[in-house]
Amino acid sequence: MASQEIDTLASALARLPGLGPRSARRAVLWLVKRRTGALLQLISALETVRDTLVECDVCANVDTQNPCGICADPKRDRHALCVVEDVADLWALDRARLFTGRYHVLGGRLSALDGVRPEDLNIAALMERVADREDDNRVDEVVLAMNATLEGQTTAHYIAERLEDLPVRLTQLAHGLPVGGELDYLDEGTLAQALRARRPMTG
Ligand code: ZN
């Protein structure tokens with residue numbers, strides 16, 4: 001029988017993506033044996049994250065500054081905007097600076113099954129960004145970098161429709177992404193190729 005405290009920690013860890021109850025219990029035991037090492041580091045890292053991370057008001061990336069480092073970087077191409085489902089996708093694409101423009105994080109994907117509607121996603125802010133035709137911020141290309149899943153593609157088509165009347169070039173990642181492929185599971189070579197060979201969005 002584990003103590004209440006261990007159970008509480010194990011249940012908290014078991015809620016993390018990719019970690020079931022069994023691996024959570026193993027992680028707890030591993031940490032308990034390393035109270036002065038790994039456990040302390042974890043506590044300190046969690047506290048730092050809690051105290052310093054904020055969501056960017058412009059793109060919804062997560063960073064220690066707002067606007068985030070990408071939005072604030074003057075060397076970034078302000079005329080190219082890459083729309084992704086989640087921050088993890090942004091990180092995947094930005095890991096090797098595959099994309100030199102800026103990003104917009106939707107915070108999910110449309111899903112009839114999970115009841116995710118357009119108004120649940122960060123779409124209104126996207127429309128505003130693209131509709132802003134001021135020279136400095138004028139977006140000329142929107143890359144729809146949704147995951148190659150049914151819901152990802154439904155989301156991409158929905159956004160393409162909403163942006164249809166705006167004078168921007170709409171592109172999407174090239175085919176060759178594995179069907180069902182989530183961007184942050186792909187290696188950099190595959191991502192780079194999908195981005196380089198991006199093509200006009202079709203209906
Ligand atoms: Zn940002």
Side-chain angles (χ1 to χ4, degrees), residues 16-17 45-111 116-149 151-153 155-164 166-173 177 181-186 188 190-192 194-196 198 201:
L16 297 176
L46 287 173
E47 280 175 353
T48 307
V49 161
R50 180 199 59 197
D51 295 341
T52 58
L53 284 201
V54 283
E55 188 172 286
C56 174
D57 283 335
V58 181
C59 74
N61 184 18
V62 174
D63 200 352
T64 52
Q65 61 183 84
N66 181 16
C68 72
I70 293 176
C71 287
D73 184 351
K75 291 195 285 293
R76 289 269 176 170
D77 178 1
R78 302 175 90 77
H79 304 301
L81 192 63
C82 182
V83 183
V84 293
E85 292 176 23
D86 286 309
V87 174
D89 302 323
L90 185 163
W91 289 344
L93 284 164
D94 218 58
R95 220 180 287 143
R97 284 283 182 120
L98 295 176
F99 181 70
T100 54
R102 298 195 295 165
Y103 293 90
H104 192 89
V105 180
L106 294 175
R109 65 221 59 113
L110 294 176
S111 167
V116 182
R117 300 154 306 167
E119 54 269 40
D120 299 319
L121 301 178
N122 194 18
I123 293 177
L126 172 67
M127 301 300 297
E128 249 174 66
R129 284 182 84 179
V130 180
D132 179 3
R133 307 314 290 166
E134 286 284 321
D135 262 2
D136 274 358
N137 287 315
R138 197 195 61 241
V139 174
D140 295 324
E141 180 186 4
V142 175
V143 185
L144 297 167
M146 269 77 255
N147 290 313
T149 58
E151 291 174 345
Q153 293 312 299
T155 310
H157 284 287
Y158 176 81
I159 290 175
E161 255 177 52
R162 294 279 306 266
L163 294 174
E164 210 170 41
L166 289 165
V168 287
R169 197 161 66 251
L170 285 175
T171 56
Q172 60 186 328
L173 296 184
L177 287 185
E182 308 252 349
L183 297 191
D184 64 330
Y185 288 105
L186 298 177
E188 273 164 25
T190 308
L191 270 180
L195 199 57
R196 257 198 311 272
R198 64 184 184 265
M201 181 79 194

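Every number for a ligand or one of its atoms is a count from 1 in the order of the listing. Residue numbers count from 1 along this sequence. Every value quoted in this text rests on a predicted model; they were computed, and no experiment measured them.
Smallest separation of non-hydrogen atoms from V87 and V62: CG2-CG2, 4.0 Å. Shortest non-hydrogen contact noted between L191 and A92 is CD1-O, 3.7 Å.
Residues meeting the salt bridge (charged side-chain N to carboxylate O under 4.0 Å, His left out) test with D135, sequence neighbours left out: R138.
Rounded to the nearest 0.5 Å, atoms NE2 (H104) and CD (E128) are 9.5 Å apart.
Judged by distance alone, with hydrogens and angles left aside, the side-chain atoms of E85 form a donor-acceptor pair with the main-chain N or O of N147 at under 3.5 Å.
Between D89 and R109, none of the side-chain N atoms (NZ, or NE/NH1/NH2) sits under 4.0 Å from a carboxylate O, so this pair counts as no salt bridge.
Protein contacts to the Zn ion (ligand 1) involving N, O or S atoms at a distance below 2.8 Å are C56 SG, C59 SG, C68 SG, C71 SG.
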